[in-house]
> 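Here you go, one structure.
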Amino acid sequence: MSIAYLNGEFLPLEQARISPLDRGFLFGDGIYEYIPSYDGKLVGFRLHIERLQRGLVELKIELPRSVDQWREVFEEVIARNGGGHQSLYLHISRGADNKREHGYPKGIEPTVFILATVIDPPQVADPALARTYKVSTKQDLRWGRCHIKSTALLGNIMHKQSSIEDGCDEALLYNELEEITEGASSNVVVVKDGKLATPMLDNQVLPGITRSVLLDILAKYTQRGIEQRVITLTEVRKADEVWMTSSSKDIVPVIELDGKQVGHGKPGPIWQEIMKLFAKHRFDY
Ligand code: PMP
């Protein structure tokens, strides 16, 4: 039985309860993080908590806890669940008031929940064994604050579901100018003639931790730069390689886009080169 953390307590998941007046339930008024741990070691922990802290400021939720205080709680959850490969899902909502009003109530305590789930081993840099994606493109119909890791994910899950119904694994989103934004739950990288590019960060894109670790690895360990710029839908259709990045899946090569092969329809050589580096350095972050 999985052990969860709820508002300062460690308890069997089945016993975890929150109020129906919780603003996370009523309004999606909260933020979250998803942090993988492999063999009990967290990946990108500081970066995740720093993004969380920026989100708390945006939402005006007061929860003063340092990275080290968070780390202690997370390590306890991992230990109580027996180590191994686990994802840690942290969900913070503004908390529960005694009435349902849209404006932020004063004097309520945030709800803090951590869920541990057993996950698969991390991505490997082997084209024969790697997780790959089939992707379908969709116009991005989410809101204008996608840089916040909001728990209000209806827009994202509707895009994801629509792709699943296309027989795909992920949706690749583009705005009204036909510029790529990101995936429904991932960031995107395109490779053409050996050159890497990814959409620059703005309100249309979540600043992914995997994306930022990848950028750092490229800068530190390779001569390959990566441009952060506008990428059009036309460009992505002509790319040699397309990758989607996320903490739950690492760097996933896209082998099919809207039913057409990307490159040779297999994980590409540059993905393999960079995935090797990523696998080597993921625990440095
Ligand atoms: N964009 C969106 C919309 C996402 O939901 C996610 C993953 N939650 C990402 C990008 C990737 O972010 P990260 O690398 O931090 O998991």
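The figures that follow rest on heavy atoms only: side chains count, while hydrogens, waters and symmetry mates do not. Order of appearance sets the numbers: ligands from 1, and atoms from 1 within every ligand.
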> Ser185 and Lys160: side-chain donor and acceptor closer than 3.5 Å?
yes

> Tell me whether Thr151 contacts the main-chain N or O of Gly28 through its side chain, where contact means a donor paired with an acceptor under 3.5 Å.
yes

> Enumerate the residue pairs fulfilling side-chain hydrogen bond (donor to acceptor under 3.5 Å, both in side chains) with a member in residues 1-14, sequence neighbours excluded, ordered by first and then second residue.
Tyr5-Arg65

> Taking only residues two or more places apart in sequence, or in another chain, which ones meet Asp120 in a side-chain contact (heavy atoms from CB on, under 4.5 Å)?
Arg131

> Classify the side-chain pair Tyr285/Asp216 by whether it contains a donor and acceptor separated by less than 3.5 Å.
yes

> side-chain hydrogen bond (donor to acceptor under 3.5 Å, both in side chains) with Asn156: which residues, sequence neighbours excluded?
none

> Given a heavy-atom cut-off of 4.0 Å, could you list the residues near ligand 1 in chain and number order?
Tyr32, Arg51, Arg142, Lys149, Asn156, Glu182, Gly183, Ala184, Ser185, Ser186, Asn187, Leu206, Gly208, Ile209, Thr210, Thr245, Ser246, Ser247

